[in-house]
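Computed from a prediction, not measured in an experiment: that's the story for all the values here. For the numbers below, each heavy atom of this structure counts, side chains included, while hydrogens, waters and symmetry mates do not. Residue numbers begin at 1 in each chain, while the letters A, B, ... track the order of the sequences.
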Protein chains: 2
Amino acid sequence: MREIVTIKDVAKRAGVSTSTVSRILTPRNNTYMRDATRERVTRAIKELDYRPDVRAQSLRGMIGTKTIGLVMPDTLNPYYQELAYALEEICYKERYGMLVCSSKNSISRELVYIDLLERQKVDGIILTTVGLHKARLDGLIKRGIPIVLIDRDVPGTVVPTLFSNNYMGGCQATQYLIDLGHKKILCVAGSMNVLSNIDRLKGYTDTLGKNGLEIDKKLIIRKGKLTYKNGYKIMKDLLSKSGDEFTAIFCLNDLVALGVMRAIHEKGKNVPSDYSVIGFDNISFSSICNPPLTTIAQPTRIIALNAFKTIRKWKEQALLKKKHRFWDTKLIVRESCRENRFR
Amino acid sequence: MREIVTIKDVAKRAGVSTSTVSRILTPRNNTYMRDATRERVTRAIKELDYRPDVRAQSLRGMIGTKTIGLVMPDTLNPYYQELAYALEEICYKERYGMLVCSSKNSISRELVYIDLLERQKVDGIILTTVGLHKARLDGLIKRGIPIVLIDRDVPGTVVPTLFSNNYMGGCQATQYLIDLGHKKILCVAGSMNVLSNIDRLKGYTDTLGKNGLEIDKKLIIRKGKLTYKNGYKIMKDLLSKSGDEFTAIFCLNDLVALGVMRAIHEKGKNVPSDYSVIGFDNISFSSICNPPLTTIAQPTRIIALNAFKTIRKWKEQALLKKKHRFWDTKLIVRESCRENRFR
DNA sequence: AGAAAATAAGGTAACGTTATCATATAACGA
DNA sequence: TCGTTATATGATAACGTTACCTTATTTTCT
């Protein structure tokens, strides 16, 4: 039989009222209780294996549901997995539950999930949107759902939005290659016009310019998605033509970098002797692959922590001003880049 | 201002009672309603952007919380990520929320999470335990929490437990290598005594025996965890001594296989020309790595689907008998194995 | 036409908690 | 000793919803 133990059962067993039991569950500072009573109740709780029902607590009380929702474009993308991991760590410490939702780059799916999270009355939503509109977002906020955006902006709105400093990362990667003596640097940029990619690309072009190097449009590949498969395909095509136009490759994420490296190896060429390759994201596999990938690390943990904090401190003033915040990226040197001595 | 729209607001706006609104939210077959009324209510819901509160619904009604909990030993392990992915897909279709919890191979952390999920009154828990005891599990069941175990057993209990046929996978991998002409096959098995590993190892030894090959205990490495790092270390040690005692390597999971391959490459040797390597799990990176890894795929999606189904159909009879179920593994041939012509 | 059945909606209590108010006893200061 | 405050607990209503019961209107059948 399904035997649900409630606060009434505890009260009866301890010979007190439910109020007294409740006082133990929700300790406020200004409450008096005899030690003997406290002990009797505590014992009853233990003996009955009682656990308060968070639904009921949050429905009546002033606490929330102790749950947050994380909505990401792609759960299989290692970068988001690491974001989820960092966030889970924080949730664990705070004894929060984390509802993980993958929009799979579909806006309709994202909306279904946001709706679901709202019905579940989560204490907040952390969202990397694939195209939420201002109206929807404002609706959410009006209805009192704390929401924090990560990596991607919703134009015209005032929600706190947290970013890696993607521009900085683009600069770091490019400058590193230039310092190694590379002058002709291919950039595999993908076709998607999300802010993070635009910034990385801008970092690339600006840094070329700052170093007095020419910006060759033929060296900026803006097609397809930033996936392993696409990186492989792009590089394969390029190498089948000539492959002489560049000595280094800046990939806008690690996944494409992996695909690019695979195509290079298949062609019988070597990384880093023939081509230097640098990625972005520092996914866990970039330290494992062959050769280990030099890349730009995002401040994932810091972003996760601040997202959580923002939700917890959510007040009306969050609405008052646009709050874009950026955190520094970091160059991680491994073995996929080498000095350019020849060309 | 935080403006929570409730069923009362909808009722008021539509000019009906809350009962009538509720009837629309929870459609039972035997309910009558005038079309005009239905339409008025539906419109009010839309206009107010009303969304029912799942907490309240589940507290009063007969539905659950539409949430399940997934507890895994390691969220960063690609195998579990793919399990989570498969499960999320099912949850999405059913409009369930999924609380993702990583025990990080710590039993105390696992217990904290199970406790949290119980307080959240999830409709079920899907658990790959790192060492739950019978007593705890029986407690959960007594308290009416549907629970399904995956990959790992809790001895002496009667909970439905779902497995890949790890023994079969061990046989498939070993037989494949034998069919390629390998006679001396190293097995990197790790020290952990979990059922899945024991079964994989048994598949290995049984298949050797069935093919009339000697079982050389020196070729079974039972130390450390099944991680990339450890695989690398083990193979590096082995190669620094001699490396002549075997021509093929069966790794109990893909992660170690990746580490093993790295060590081989670092030694200037080649996979598959010098050593054939086969893994287990078919993690996404096994198709991306260099060379792409031949491996054994687990029926992850099937397991996820059945776990969910089991929870939904949870009845008292689930208690009546032990239900261990196994699903077939599958050999995935890629490029890390080759015929053994020389030794 | 009258009774029975079908249709359509409202009223109320309850789910498991806690906030708030009320009450009872004990301790204290004059 | 009495009034006042501190201590300790109980009673009740409410959170947002739905199950169940009740009531009012129609429709249908004889």
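Applying a 4.0 Å cut-off to non-hydrogen atoms, the residues of residues 34-58 of chain A that approach DNA chain C are A:Y50, A:R51, A:P52, A:D53, A:A56, A:Q57, listed by residue number.
Of the possible donor and acceptor atoms, none in the side chain of B:T26 sits under 3.5 Å from a partner among the backbone N and O of B:R23. With hydrogens and angles disregarded, a donor-acceptor distance shorter than 3.5 Å links the side chain of A:Q120 to the backbone of B:T65. At distances below 3.5 Å, at least one donor-acceptor pair connects side-chain atoms of B:E110 with backbone N or O atoms of B:V130. Between the side chain of B:E118 and the backbone N or O of B:L140, no donor-acceptor pair lies under 3.5 Å. Distance alone, capped at 3.5 Å, is enough to place a donor-acceptor pair between the A:R40 side chain and the A:A14 backbone. At least one donor-acceptor pair closer than 3.5 Å links the side chain of B:N306 to the backbone N or O of B:I302. A donor-acceptor contact shorter than 3.5 Å links the side chain of A:E88 to the backbone of B:S102.
In this view, A:K134 and A:D138 satisfy the salt bridge (charged side-chain N to carboxylate O under 4.0 Å, His left out) rule, not counting sequence neighbours. In this view, B:F163 and B:D153, B:T161, B:L195, B:H324, B:F326 satisfy the side chain to side chain contact (heavy atoms under 4.5 Å, CB included) rule, not counting sequence neighbours. In this view, A:C91 and A:I68, A:Y96, A:M98, A:F308 satisfy the side chain to side chain contact (heavy atoms under 4.5 Å, CB included) rule, not counting sequence neighbours.
Atoms NZ (A:K12) and C1' (D:dG10) sit 16 Å apart, rounded to a whole Å. To the nearest angstrom, C1' of D:dT18 lies 11 Å from CG of B:L59. B:M33 places its CE atom 19 Å from the P atom of D:dT25, with the value rounded to the nearest Å.
Phosphate proximity of D:dT9 to A:S17: absent, as no side-chain N or O sits under 4.0 Å from OP1 or OP2.
Put simply, chain B comes within 4.0 Å of DNA chain C, heavy atom to any atom, from C:dT7 to C:dG16, going 5' to 3'.
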Table of protein N/O atoms under 3.5 Å from nucleotides 20-23 of chain D N/O atoms:
none

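Within the 4.0 angstrom heavy-atom criterion, only backbone atoms of the sugar-phosphate kind lie near B:T6; the bases stay farther away.
Using a 3.5 Å distance cut-off with no hydrogens or angles, the side chains of B:R55 and A:S58 do pair a donor with an acceptor.
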